[in-house]
Enquirer: 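Encoded as structure tokens, here's the structure I'll be asking about.
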Amino acid sequence: MDKLTDDIPGCYYNRTVQFFYEHSGKNISAHWRPRDYVVVSLGMGVSVIVILANILVMVAIFINRRFHFPIYYLLGNLAAADLFSGIAYLHLMFHTGPWTIKLSKNQWFVRQTLIDSSLTASVLNLLAIALERHQTIFTMQLHSKMTNRRVVLLIAAIWGLAIFMGLVPTMGWHCVCDLDNCSTMAPMYQRSYLVFWAVLNLFTFSLMVAAYTRIFVYVRHKSQRMSQHTSQIRHKETVFNLMKTVSMILGCFVICWTPGLVLLMLDGLGCESCQVLRYEKYCLVLAECNSLVNPIIYSFRDTDMLQTFKRILCCLCRRGGAGHRDTLSGMRCNTLEQERERDVLQRQDLNESG
């Protein structure tokens, strides 16, 4: 993107990042303001927590054989996407504020590509999990019958599409040669791209809403039919738990993503009186928080996952004299032993019920 030759008429390849920021009205301060310190400190804190939480999820899925099923592979990929999102956002915090003025155009596009790709991968994983659960529940299965090959292909498709979406502006959907259509929030992106990205994410959200709504209606109908043979308390508990889970999933997604998507739409549509720059950084931090909420909703509410977390943390605290390799092997042995104990208990319950 950076060129040392003369500019093509109508293009500004040799201009600095500061030129595009000043043209769009997004002035870069040469010194650190209190607001910059607050945003960067908050962003770094969120990023570190996101990274640690998602590493914990990935390690838990790796060491526990009970999680070696398609749904957990997708959860692991979601954790990987959120981990990437945390790293990308941490990278952004070291290249924002007064540091932005020192970036070349290539460095600026790399910064934006990392953010766009990571957040897109996280959203696509949420959609994949919603569709997998939809298929599993409607076929009355505990785990999906998707083969490992299909899971790998699905994961590859998610990352391929996410990377492609992140690279789209660098492939031509920028305003280096169309200065009048530069956006305010991302001064080298065309306004039309912001609208496209916002609409695409809203469409993805709509698919998630439709999938979880069908799941809720179906399970509620099934629960009403099953309530004839089970207690009313169990029926109410099943419906309540489903409503709680679905409400948390959709509610957190709306809270974390809607403000940022609305800002993108307003900026893309050229709303000059909306003061999008006042809320831009905070909306980005809020969107990043969704990568922190995901491990909580999809993993920490799983009893087996929570117990695996506790074993990992306990082993890390006690690993002083044993060494890292012994710690991991000990966690695996404990996990396998507990799996055998649970299998024995499940067989006993089946024999008693039979």
Side-chain angles (χ1 to χ4, degrees), residues 1 17 43-44 46-48 50-51 53-55 57-58 73-96 100 103-130 152-176 183 185-205 207-208 253 256-257 260-261 263-264 267-268 280-281 283-295:
M1 191 63 64
V17 171
M44 287 183 176
V46 171
S47 298
V48 171
V50 166
I51 291 171
N54 285 285
I55 288 177
V57 173
M58 296 173 67
Y73 294 148
L74 292 177
L75 285 172
N77 193 48
L78 173 64
D82 290 336
L83 172 63
F84 180 39
S85 179
I87 295 173
Y89 195 76
L90 189 61
H91 176 269
L92 173 66
M93 291 299 99
F94 284 103
H95 297 83
T96 191
T100 306
L103 299 177
S104 66
K105 288 195 293 296
N106 284 336
Q107 290 174 327
W108 187 90
F109 275 108
V110 168
R111 187 190 75 173
Q112 298 303 122
T113 298
L114 290 175
I115 291 294
D116 294 346
S117 297
S118 60
L119 295 180
T120 301
S122 183
V123 174
L124 290 176
N125 272 286
L126 289 171
L127 176 61
I129 291 172
V152 171
L153 290 176
L154 177 59
I155 291 174
I158 288 173
W159 283 104
L161 183 57
I163 293 173
F164 173 77
M165 287 299 302
L167 291 174
V168 164
T170 65
M171 294 187 292
W173 209 342
H174 53 72
C175 64
V176 176
S183 64
M185 293 174 62
M188 281 191 282
Y189 279 5
Q190 284 194 17
R191 296 184 186 276
S192 56
Y193 175 75
L194 297 189
V195 174
F196 167 76
W197 202 80
V199 170
L200 182 64
N201 281 279
L202 289 173
F203 175 72
T204 304
F205 170 66
L207 293 179
M208 290 175 59
F253 190 87
C256 293
W257 278 94
L261 293 177
L263 275 186
L264 286 176
D267 187 17
E280 173 198 10
K281 298 293 184 182
C283 288
L284 188 57
V285 171
L286 191 59
E288 177 64 18
C289 286
N290 188 241
S291 296
L292 174 61
V293 173
N294 289 337

Enquirer: Between Val17 and Met188, is a side chain to side chain contact (heavy atoms under 4.5 Å, CB included) present by the stated rule, with each step listed?
Expert: CA-CA 8 Å; Val17 171; Met188 281 191 282; 4.0 Å; yes

Enquirer: Would you please test Val168 and Trp197 for side chain to side chain contact (heavy atoms under 4.5 Å, CB included) and show each step?
Expert: CA-CA 10 Å; Val168 164; Trp197 202 80; over 6 Å; no

Enquirer: Within this structure, what is the CG-CZ distance for the pair Leu90 and Phe94, rounded to the nearest 0.5 Å?
Expert: 5.0 Å

Enquirer: Taking the side chain as C-beta and beyond, is there a heavy-atom pair between Val152 and Tyr73 under 4.5 Å?
Expert: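 They are not in contact (no side-chain heavy atoms under 4.5 Å apart), so the answer is no.
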
Enquirer: Verify, without hydrogens or angle tests, whether Thr170 (side chain) and Leu167 (backbone) share a donor-acceptor contact under 3.5 angstrom.
Expert: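 Yes, because the side chain of Thr170 sits within donor-acceptor range (under 3.5 Å) of the backbone of Leu167.
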
Enquirer: Measure the CZ-CD1 distance between Phe84 and Ile115 for me, rounded to the nearest 0.5 Å.
Expert: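 Answer rounded to 0.5 Å: 8.5 Å.
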
Enquirer: Should Phe205 and Leu261 count as side-chain neighbours, where that means a heavy-atom distance under 4.5 Å?
Expert: no

Enquirer: Look at the side chain of Ser122 and the backbone N and O of Ser118, then say whether any donor-acceptor pair between them is shorter than 3.5 Å.
Expert: no

Enquirer: Using atom types as modelled and distance alone, determine if a side-chain donor or acceptor of Thr113 lies under 3.5 Å from a backbone N or O of Gly166.
Expert: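 A pair under 3.5 Å: yes.
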
Enquirer: Please report the closest heavy-atom contact between Met58 and Gly76, naming both atoms and the distance.
Expert: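 Nearest heavy atoms, Met58 then Gly76: CG-O, 4.1 Å.
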
Enquirer: Please give me the minimum heavy-atom distance between Pro295 and Leu292, naming the atom from each residue.
Expert: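 Closest heavy-atom pair between Pro295 and Leu292: CD-O, 3.0 Å.
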
Enquirer: Please answer whether the main-chain N or O of Leu92 pairs with a side-chain N or O of Thr96 as donor and acceptor at a distance below 3.5 Å.
Expert: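 No: the side chain of Thr96 does not pair with the backbone of Leu92.
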
Enquirer: Donor-acceptor pair, distance only, cut-off 3.5 Å: does the side chain of Asp267 make one with the backbone of Leu263?
Expert: no

Enquirer: Could you check whether the rings of Trp173 and Tyr193 sit parallel, tilted or perpendicular, using 30° and 60° as the cut-offs?
Expert: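 Judged by the thresholds at 30° and 60°, the geometry between Trp173 and Tyr193 is perpendicular.
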
Enquirer: Go through the steps to decide whether Leu284 and Tyr89 satisfy the test side chain to side chain contact (heavy atoms under 4.5 Å, CB included), and finish with yes or no.
Expert: CA-CA 9 Å; Leu284 188 57; Tyr89 195 76; 3.4 Å; yes

Enquirer: Taking all heavy atoms of Ala198 and all of Leu264, pick out the closest pair and write down the distance.
Expert: CB-CB, 4.1 Å

Enquirer: Quick one: closest heavy-atom pair of Ser85 and Glu288, and the distance?
Expert: OG-OE1, 2.7 Å

Enquirer: Applying side chain to side chain donor-acceptor pair (under 3.5 Å), name anything that partners Tyr189, two or more places apart in sequence or on another chain.
Expert: Asp116

Enquirer: For a quick test of reading the model, state the closest non-hydrogen atom pair linking His174 to Pro169 and the distance between them.
Expert: CD2-O, 3.1 Å

Enquirer: Output the distance between atom CG (Leu119) and atom CG (Leu114), rounded to the nearest 0.5 Å.
Expert: 10.5 Å

Enquirer: Test your reading of the model: is there a side-chain donor-acceptor pair from Asn290 to the backbone of Cys256, 3.5 Å cut-off?
Expert: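 It does not hold such a pair.
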
Enquirer: Return the set of residues passing side chain to side chain donor-acceptor pair (under 3.5 Å) with Asn54 (not counting sequence neighbours), or none when no residue passes.
Expert: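 None.
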
Enquirer: Under the side chain to side chain contact (heavy atoms under 4.5 Å, CB included) rule, what do Thr204 and Leu126 come out as? Steps first, then yes or no, please.
Expert: CA-CA 9 Å; Thr204 304; Leu126 289 171; over 6 Å; no

Enquirer: Hey, what do you get for CG (Asn77) to CG (Asn125), rounding to the nearest 0.5 Å?
Expert: 4.0 Å

Enquirer: Which heavy atom in Ala162 sits nearest to a heavy atom in Ser117, and how many Å separate them?
Expert: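 Answer, listing the atom of Ala162 first, then Ser117: O-OG, 3.3 Å.
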
Enquirer: Checking Gln112 now: which residues fulfil side chain to side chain donor-acceptor pair (under 3.5 Å) with it, not counting sequence neighbours?
Expert: none

Enquirer: Working to the nearest 0.5 Å, report the span between CD1 of Ile163 and CD1 of Ile158.
Expert: 12.0 Å

Enquirer: Which distance, rounded to the nearest 0.5 Å, do you find between the NE2 of His95 and the CH2 of Trp108?
Expert: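 Spacing of NE2 (His95) from CH2 (Trp108) equals 14.0 Å.
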
